[in-house]
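Take a look at the structure below.
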Amino acid sequence: KEKKLIDSTITFGQAFGGDFEAVNIYSALISAKYVAKADLAIVAMGPGVSGTSTLLGNTAVEVGSLINAVNSLDGKPIVIARLSFKDKRFRHQGISHHTVTALKQIALSEALVPLPQMEKKKRNFVEKQIQLGGLDKKHTLNFLNNEVTEKALTDNKLTPTTMGRSVKEEREFFLACGCAAISALDLIKKGNEV
């Protein structure tokens, strides 16, 4: 907000302290559209993700429920896949098992999942995960060229991290974030609500 990259924040559920507060994801999305007058809403989990090292025992699977909520309100959900090639835990290599579980088992409706172009070995690994998980049968997954995200981060003097790792360490993760933004802007240009 200080850099004027986002206009307002909305907290919901057990979270509080946003510019606006809502009871649940549905009222938060409605508030984003009609109160905050947003062209685009970014829905993200707050800090403090909890997990049990089991398939469904992680708060990150809520991504599937968020897809359902956006679709039920006639929006266009775009998912940022959690990508990693540096995490030592195999279940988080490529597309994290949390993302796969949310897309495969929790989401009852379709989402767009843009992925960045990546070197052949990494792309083959991710494509195998997509095929084994049947994700392409339920969702629209596509690989995009993304030459703008790293420049945008540098230009705005942003140095984000994921799991303590920088953009240089987890390049594909941050490019996936940028691919979601590119896809959202493309949908907005076509007159869709995201």
Is the closest side-chain donor-acceptor distance between [X] and [Y] under 3.5 Å?
| X | Y | value |
| --- | --- | --- |
| Ser96 | His92 | yes |
| Glu110 | Thr140 | yes |
| Asn71 | Ser109 | yes |
| Thr149 | Asn146 | yes |

Within the distance-only criterion (no hydrogens, no angle test), does the side chain of [X] pair as donor or acceptor with the backbone N or O of [Y] below 3.5 angstrom?
| X | Y | result |
| --- | --- | --- |
| Ser50 | Thr59 | no |
| Lys138 | Lys104 | yes |
| His98 | Asn58 | no |
| Asp186 | Ile182 | no |
| Glu170 | Val167 | no |
| Glu21 | Thr11 | no |
| Thr161 | Ser166 | no |
| Glu169 | Thr162 | no |
| Thr154 | Glu150 | yes |
| Lys4 | Lys1 | no |

Original post:
More than 12 foreign heavy atoms under 6.0 Å from CG of Leu144: is that the case here?
Top reply: yes
Rounded distance [0.5 Å steps], [atom1] in [X] versus [atom2] in [Y]:
| X | Y | atom1 | atom2 | result |
| --- | --- | --- | --- | --- |
| Leu83 | Gln93 | CG | CD | 10.5 Å |
| Glu62 | Asn68 | CD | CG | 12.0 Å |
| Lys76 | Ile188 | NZ | CD1 | 13.0 Å |

Is there a path from [X] to [Y] through hydrophobic residues (I, L, V, M, F, W, Y) whose side chains come within less than 4.5 Å of each other?
| X | Y | result |
| --- | --- | --- |
| Phe173 | Leu115 | no |
| Ile10 | Met45 | no |
| Val100 | Phe125 | yes |
| Leu73 | Val23 | no |

With a 4.5 Å cut-off on side-chain heavy atoms, are [Y] and [X] touching?
| X | Y | value |
| --- | --- | --- |
| Pro160 | Phe174 | yes |
| Ile106 | Val63 | no |
| Val126 | Phe85 | yes |

**OP:** Given salt bridge (charged side-chain N to carboxylate O under 4.0 Å, His left out), test Asp7 with Lys37 step by step and report yes or no.
**Re:** CA-CA 10 Å; Asp7 295 319; Lys37 308 288 188 207; over 6 Å; no
**OP:** Would you sort out whether Leu103 and Val79 count as a side-chain contact (heavy atoms from CB on, under 4.5 Å), showing the intermediate values?
**Re:** CA-CA 9 Å; Leu103 292 171; Val79 173; 4.1 Å; yes
Original post:
Any salt bridge between Glu119 and Arg123, counting N to O under 4.0 Å?
Top reply: no
Original post:
Passes side-chain contact (heavy atoms from CB on, under 4.5 Å), Asp87 versus Arg165? Steps please.
Top reply: CA-CA 9 Å; Asp87 199 306; Arg165 293 185 289 271; 3.4 Å; yes
